[in-house]
Structure formats: C-alpha cells, structure tokens
Amino acid sequence: MTDRPRLHRDDVLRAALGLLNEVGIDALTTRRLAERLGVQSPTLYWHFESRAALLDAMSAAVMLESRARLSPDPQEPWQDWLMADGLTFRRALLAYRDGARLHAGTRPGKTQHEPIEARLRMLQAAGFTAGDATTLLISMGRFVVGWVLEEQSFQQPEALAAAEMPDATRYPLLAAGFAETVGGDPDALFERALRLLVDGAQARLR
C-alpha cells in the first residue's frame, strides 16, 4: 500500500479557486473542498485555520496571479500607473466567479507592505501627503471592488430583466445618460469612470 502524496498549500488554493468558479463563494465550504481533494476536512486545517483564512489566501493568490505590476516604475507618471493598476485590478476580480466578494473586506498582509510603500513613495514624490496618498489608494481599491461587485451581481438574469431603459420623451437626460453608460461597452465605461477619479485626484493636487 502506497502513502497518499502530501497535500501542499498551493494544491489547496488551486482546488479552492477552481471550486469557486464552479459553485460560487456561498457554496464553497471546507467540506466540499476536502471532497474535491479526496481528504478529510481536518486535513485542510494544517494549511488554513478557518474558512476565512482560506478565503483571504485565495484573494491574495488572485492578486498575485493577475497583478504583475505590484510596484510602480519611478519614471512612469503616477496618473498612468494608477490607471493601469485599476484596469488590471478589475480584470483580476472578473477572472473569477464572485471575485469582488472574495476580495471585499480583506486587508493587506505583511508581504504587501513593501509594494504599498513603493506606491506611496511615488505619490509623495508627485506632491501628495502621506495621508492623501493613502486615501487615494484606498479609494481606488474600494472603487474597483464596488464596481466589479455591481458588474458580477448584474450578470444575474433577474437583474438584467429589471434594468428597464427610461422613457426618452419624459426623461431625455436620463435616457441619454443610460445610452452612454448602461447601454455602452462595459470596459470603456469603467475606464471612463476610473479616469474621472484619477483626474479628480490630479485636480486636488493642483
């Protein structure tokens, strides 16, 4: 009789992310994950002390997998870097079912402190105070998570059916606005909204 190969932390994470795409975050339980891996539930606690710890690790894995540009290039304009980072962050969250819900409520771990410090140095060099720079990064992160949360919720059939276009004769401005936003390309709309946020930060700096 041969021993079962040792279960590694990365094996658990890969299986958990695959299961997330299949069943969603609400149905992702340690029992279900253990069944997928062919082990008993207590085995998972060698790697993750709780379901919450597993979800945090999954969120961090998604970020590392999809956000290669963790630190800015000192020669790159801060506006360009923030735009690129926001676009990449959104793609990372959209890559997984319930990606925004997975990330919401998490906090940076110690391994992320140095990349965040590099971003703050970039913004401080541009003229932001440490407080304003930190507020800007938090605002960007919460903006992207909230945006994707709406996108992933809106993909449900009942949500799409409820999205009625306004009567253009009675509400011409609302109808025109809907046509440029709700009825437009979602990628272009996100970039447009992200640009408004970055432009606002630039105006604040001036």
Side-chain angles (χ1 to χ4, degrees), residues 17-28 55 58-63 65-70 72 76-108 119 122-123 126 128 131-206:
L17 289 170
L19 192 58
L20 174 69
N21 273 339
E22 292 178 24
V23 303
I25 196 168
D26 292 326
L28 177 60
L55 293 177
M58 290 168 62
S59 176
V62 170
M63 294 302 98
E65 178 183 295
S66 304
R67 299 179 76 187
R69 292 164 40 116
L70 289 176
E76 186 176 16
W78 65 269
Q79 302 93 326
D80 293 350
W81 192 87
L82 278 183
M83 284 293 301
D85 188 61
L87 294 169
T88 306
F89 187 17
R90 173 174 173 262
R91 286 194 295 270
L93 297 180
L94 286 174
Y96 287 92
R97 180 177 176 179
D98 292 331
R101 290 182 61 195
L102 176 67
H103 187 80
T106 61
R107 295 293 181 268
R119 300 175 194 185
M122 170 191 68
L123 294 172
F128 290 94
D132 280 350
T134 303
T135 300
L136 177 56
L137 292 183
I138 292 173
S139 299
M140 291 283 292
R142 292 183 178 179
F143 168 76
V144 176
V145 172
W147 187 282
V148 176
L149 184 61
E150 287 289 331
E151 285 188 293
Q152 293 184 321
S153 297
F154 201 65
Q155 291 172 0
Q156 304 303 319
E158 60 272 17
L160 289 172
E164 296 183 359
M165 295 297 288
D167 183 349
T169 58
R170 298 182 62 188
Y171 312 108
L173 296 178
L174 183 58
F178 265 49
E180 289 188 26
T181 54
V182 176
D185 176 67
D187 295 335
L189 176 59
F190 174 78
E191 186 168 356
R192 179 179 176 183
L194 186 65
R195 174 59 66 185
L196 284 175
L197 196 155
V198 173
D199 287 350
Q202 185 171 359
R204 162 91 176 185
L205 187 61
R206 288 198 298 265

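- With a 4.5 Å cut-off on side-chain heavy atoms, L28 and L55 count as touching.
- Taking OH from Y96 and CE from M58, the interatomic distance works out to 8.5 Å, rounded to the nearest 0.5 Å.
- Salt bridge E22/R97: absent, no basic N to carboxylate O contact under 4.0 Å.
- Contact record, S59 with H103: OG-ND1, 2.9 Å, taken as the closest heavy-atom pair.
- The closest donor-acceptor contact from the side chain of Q152 to the backbone of A100 lies under 3.5 Å.
- Heavy atoms only, all atoms of each residue included: G24 and D98 are closest at CA-OD2, 3.4 Å.
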Worksheet item: How far apart are the C-alpha atoms of L173 and F178, what are their side-chain angles, what is the distance that settles it, and do they pass the side-chain contact (heavy atoms from CB on, under 4.5 Å) test?
Response: CA-CA 9 Å; L173 296 178; F178 265 49; over 6 Å; no

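- Annotation for E191: atom CD does not count as buried by contact number, only 12 or fewer foreign heavy atoms lying within 6.0 Å.
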Fill in: Verdict with supporting geometry, L87 and F190, side-chain contact (heavy atoms from CB on, under 4.5 Å)
CA-CA 8 Å; L87 294 169; F190 174 78; 3.7 Å; yes

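- In plain terms, the two heavy atoms of L94 and V148 that are nearest each other are CD2-CG1, 3.7 Å.
- Side-chain atoms of R192 and E180, non-hydrogen and from C-beta on, do get closer than 4.5 Å to each other.
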Worksheet item: Is there a side-chain contact (heavy atoms from CB on, under 4.5 Å) between R90 and D187 once you walk through the steps?
Response: CA-CA 10 Å; R90 173 174 173 262; D187 295 335; 2.9 Å; yes

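- Note: Q202 CD to L136 CG = 11.5 Å, rounded to the nearest 0.5 Å.
- Rounding to the nearest 0.5 angstrom, the gap separating the CG atom in L197 from the CH2 atom in W147 is 11.0 Å.
- Atom CG of residue L19 and atom CD1 of residue I25 lie 11.5 Å apart, to the nearest 0.5 angstrom.
- With values rounded to the nearest 0.5 angstrom, M83 atom CE is found 8.5 Å from D80 atom CG.
- Atoms CG and CZ, from D26 and R101 in turn, are 4.0 Å apart once rounded to the nearest 0.5 Å.
- Scanning all heavy atoms of the two residues, the minimum distance from R119 to L137 falls at CB-CD1, 3.9 Å.
- The minimum heavy-atom distance between A61 and L17, with the atom names listed, is CB-CD1, 4.4 Å.
- Shown here for M140 and L82, the closest heavy-atom pair between the two residues is CE-O, 3.5 Å.
- Put simply, the side chain of L194 does not reach to within 4.5 Å of the side chain of F89, judged on heavy atoms.
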